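Chain naming here is simple, since letters A, B, ... match the order of the sequence lines and numbering starts at 1 in each. Just so it is clear, the structure is predicted and the values come from calculations on it, not from any experiment.
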2 protein chains.
Amino acid sequence: MLFKLSSYSLITGNISLEFIIAGIAIVFFVIGISINKKVLHKKTIPTKDIDHKKIEALGLSKREYEVLCEVASGLSNKEIADKLFVSESTIKTHVSNILVKLDAKRRTQAIQIAKELQILRF
Amino acid sequence: MLFKLSSYSLITGNISLEFIIAGIAIVFFVIGISINKKVLHKKTIPTKDIDHKKIEALGLSKREYEVLCEVASGLSNKEIADKLFVSESTIKTHVSNILVKLDAKRRTQAIQIAKELQILRF
DNA sequence: ATACAATTCATACTTTAGTATGAGTGTTTT
DNA sequence: AAAACACTCATACTAAAGTATGAATTGTAT
């Protein structure tokens, strides 16, 4: 196919040779991109860094975000309380506020939403 | 630069024209791959596919794995029950069995463990 | 100084999650 | 056929999660 194209360029003359070469370059440039995307990077997903601006925009305080991370790691309120040296009551308050700010009904949903918002790592 | 290359091909004559075009194709093919890799996929991490063998090894049934996915998406037992057209009681049974098989104390922990085991997507 | 936000905690309450147990119905395996 | 398994469901219970309300403390901005 490549040789047919080059033969065709000989027939049409030198006038549009630059355009043909440029066309080939563009085609293979695109092929290179798509090959790389579909073959070599078949098993990748984009992972952006944590969006600190979005955390602020949501009105999440430093402590609330800290609690959110622990929730996402699978800890119970009591376990988080012990880890952060506060009462379970305090964690409950934080979690409640987190749910409101993330518009979630449950902590599991909060985790999902937080990840979609790129507030939490995967 | 592109036009200089094409001019060069005119000077050298028609003999190696195919090779020059092929060379250009290869060059831009590689450029396409590298551009795609370095610029567009700067923020990517490898994500393995779901390890179905591991699911089996854990003894998770098809239905249990189905429930696990819904749990991870942030749904409540009742919501999962409605989605799968079974009773909440059934979902509770499934979740309980999932926790035992994943050695988790809570559903949030089960989600974490499942992701570490590459049983769930991120 | 005072208004404000963040953090802490408690108490009381409702809801959801999770456990234990037993059991019925299919399907597959031996 | 009988055993084994997967799926279903119920009831009753305990534990954890989540809500509502009020309040004290501390640091910070005005």
Test side chain to side chain donor-acceptor pair (under 3.5 Å) applied to [X] - qualifying residues, sequence neighbours left out:
X	value
B:Gln109	none
B:Lys115	none
A:Ser87	A:Thr90
B:Ser89	none

> Under a 4.0 Å heavy-atom cut-off, which of residues 78-99 of chain A touch DNA chain D?
Replying inline: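 Within residues 78-99 of chain A, the residues near DNA chain D are A:Lys92, A:Val95, A:Ser96, A:Leu99.
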>> Using a 4.0 Å cut-off on heavy atoms, which residues in residues 65-77 of chain A reach DNA chain D? List them by number, or say none.
In response: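 By residue number: A:Ser76, A:Asn77.
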>> Heavy atoms within less than 4.0 Å of DNA chain C: which residues of residues 100-108 of chain A have one? Give them sorted by number.
In response: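 The answer is A:Arg106.
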Could you tell me which non-hydrogen atom of [X] sits nearest to which non-hydrogen atom of [Y], and how far apart they are?
X	Y	result
A:Ala72	A:Ile111	CA-CD1, 3.6 Å
A:Lys78	A:Asp82	NZ-OD1, 2.7 Å
A:Ala114	A:Leu68	CB-CD2, 4.1 Å
A:Leu99	A:Ala110	CD2-CB, 3.8 Å

> Which pairs pass salt bridge (charged side-chain N to carboxylate O under 4.0 Å, His left out) with one or both residues in residues 89-105 of chain B, sequence neighbours excluded?
Replying inline: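 As it turns out, the salt bridge (charged side-chain N to carboxylate O under 4.0 Å, His left out) pairs with a partner in residues 89-105 of chain B, which skip direct neighbours, are B:Glu64-B:Lys101.
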> Please give, in whole Å, the distance from C:dT25 C1' to B:Arg63 CZ?
Replying inline: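 For the pair B:Arg63 CZ and C:dT25 C1', the rounded distance is 15 Å.
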> Roughly how many Å is it from NZ in A:Lys62 to C1' in D:dT26, rounded to a whole number?
Replying inline: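 A:Lys62 atom NZ is separated from D:dT26 atom C1' by 14 Å.
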> Hey, are the side chains of A:Leu58 and A:Leu117 touching, using non-hydrogen atoms and a 4.5 Å cut-off?
Replying inline: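 The answer is yes, as the side chains (C-beta and beyond) meet within the 4.5 Å cut-off.
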> Using the C1' atoms of five pairs at each end, what's the angle between the two axes of the helix from C:dA1-D:dT30 to C:dT30-D:dA1, to 10 degrees?
Replying inline: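 For the helix from C:dA1-D:dT30 to C:dT30-D:dA1, the axes at either end differ by 50°.
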> Is there a donor-acceptor pair closer than 3.5 Å between any side-chain N or O of A:Ser73 and the backbone N or O of A:Glu70?
Replying inline: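 Checked: pair present.
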>> Tell me if a side-chain donor or acceptor on B:Tyr65 pairs with a main-chain N or O of B:His52 at a distance below 3.5 Å.
In response: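 Flag not set: sc B:Tyr65 to bb B:His52 has no pair under 3.5 Å.
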>> According to side-chain contact (heavy atoms from CB on, under 4.5 Å), who are the partners of B:Asp51, at least two apart in sequence or on a separate chain?
In response: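 Residues passing side-chain contact (heavy atoms from CB on, under 4.5 Å) with B:Asp51: B:Lys53, B:Lys54.
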>> Can a side-chain donor-acceptor contact be found between B:Asn77 and B:Arg107 if the only test is distance below 3.5 angstrom?
In response: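 The criterion, which ignores hydrogens and geometry beyond distance, is satisfied for B:Asn77 and B:Arg107.
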Close N or O pairs between protein and nucleotides 27-30 of chain D (under 3.5 Å):
none

>> Which residues pass the salt bridge (charged side-chain N to carboxylate O under 4.0 Å, His left out) test with A:Glu56, not counting sequence neighbours?
In response: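 A:Glu56: no salt bridge (charged side-chain N to carboxylate O under 4.0 Å, His left out) contacts found.
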